[in-house]
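To start, the structure itself, in structure tokens.
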Amino acid sequence: MRYSNLHTHTIFSDGRYTPEENVLEAVKRNMTSIGFSDHSYTDFDLRFGIRPQNTAAYVREIRRLQKKYKDELEIYLGIELDGFSKLENRELYDYIIGDCHYIKIGDEYFTVDDSREEQQEVIDKYFGGNPLGYAKAYFDIYTEKTIQNKPDILGHFDLVAKFDLMDENSNVYKSIASQALAECLKVTPFIELNTGPVCRRVRKVPYPTVFILKEILRRKGKIVLSSDSHEIENMTFWFDEAVSLLKSVGFKSVVQMKNNKFEETGL
Ligand SMILES: [Zn+2]
Ligand SMILES: [Zn+2]
């Protein structure tokens with residue numbers, strides 16, 4: 001099948017290549033479409049997001065590329081919206097990926113995915129060493145932000161399990177994740193299978209893990225295949241394997257953007 005990737009990062013946030021280099025790579029790979037989803041701005045952590053003064057240039061550049069390459073590939077303008085970002089001009093974007101990279105305790109923000117040490121410290125300090133308490137707090141925030149921001153796509157749903165500090169096979173974890181999933185799928189049926197963690201060698205499986213994929217299928221959610229690429233070399237990283245995985249779970253299709261709409265494509 002021809003691939004699409006709606007989760008890509010460029011030099012406008014923490015990616016390594018320009019949007020045009022990404023487009024040329026997607027053309028080279030004969031993809032159906034590419035979507036840009038640089039990180040939204042967070043005023044409490046300046047490392048990742050698009051600076052407010054660069055938003056107009058980001059929008060202009062992607063719209064320019066849309067016109068320039070219109071005969072070769074569909075190009076979409078999106079944003080990876082962190083739950084704690086304020087998005088003022090939603091109408092600027094063709095789609096929004098809703099994500100959560102932080103846990104907020106009191107007035108303090110702690111990254112969930114930055115380092116194993118930070119995650120462990122927060123679990124020890126605020127959750128009495130219980131990773132499942134931490135997981136519950138994370139999924140609560142993810143759900144609350146999804147309901148509040150109404151994204152088009154649910155991004156890396158179980159990011160909280162990135163460092164393998166919690167038992168994903170425990171019934172407690174499964175129940176926490178499944179309840180959050182049920183609530184989030186009421187907001188949007190589209191949820192990504194994100195191969196980023198396999199690419200960055202932090203996990204052997206993509207987000208979300210297999211039991212969540214089964215829950216998505218059971219609840220009639222729809223998968224958007226994405227690589228969360230920060231380098232053009234990883235534009236379709238592990239996509240063939242992801243298709244096999246999805247088929248083994250029972251999925252018959254994924255969703256891609258076509259003519260500005262989400263459309264199912266057979267696997
Ligand atoms: Zn992310
Ligand atoms: Zn991302």
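One is the number of the first residue; the rest follow in order along the sequence. Order of listing sets the numbers, starting from 1, for every ligand and every atom in it.
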Taking the N/O/S atoms of His101 one by one, which is nearest to the Zn ion (ligand 1)?
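Going by distance to the Zn ion (ligand 1), the closest N, O or S atom in His101 is NE2.
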Distance-only side-chain donor-acceptor flag, Glu183 / Thr143, under 3.5 Å
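No pair is found: no donor N or O on one side chain lies under 3.5 Å from an acceptor on the other.
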Mind telling me whether Phe211 and Tyr173 have parallel, tilted or perpendicular rings, with 30° and 60° as the class edges?
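The arrangement is perpendicular - the two ring planes meet at more than 60°.
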What orientation do His230 and His39 show, parallel under 30°, tilted 30 to 60°, or perpendicular over 60°?
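Plane angle between 30° and 60°, so tilted.
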Could you walk me through whether Asp94 and Arg63 pass the salt bridge (Lys or Arg N to Asp or Glu O under 4.0 Å) test, one step at a time?
CA-CA 11 Å; Asp94 300 324; Arg63 296 301 182 205; 3.0 Å; yes
Using ring centroids (six-membered ring only for Trp), state whether Phe44 and Tyr102 fall under 6.0 Å.
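Ring-ring flag for Tyr102/Phe44: true, centres closer than 6.0 Å.
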Counterpart residues, side-chain hydrogen bond (donor to acceptor under 3.5 Å, both in side chains), relative to Ser244 (two or more places apart):
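Partners of Ser244 by the side-chain hydrogen bond (donor to acceptor under 3.5 Å, both in side chains) criterion come out as none, since no residue qualifies.
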For the Zn ion (ligand 2), which protein N/O/S atoms fall under 2.8 Å? Skip waters.
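Within the sphere that stays under 2.8 Å of the Zn ion (ligand 2), the protein atoms of type N, O or S are His7 NE2, His9 NE2, Glu80 OE1, Asp228 OD1.
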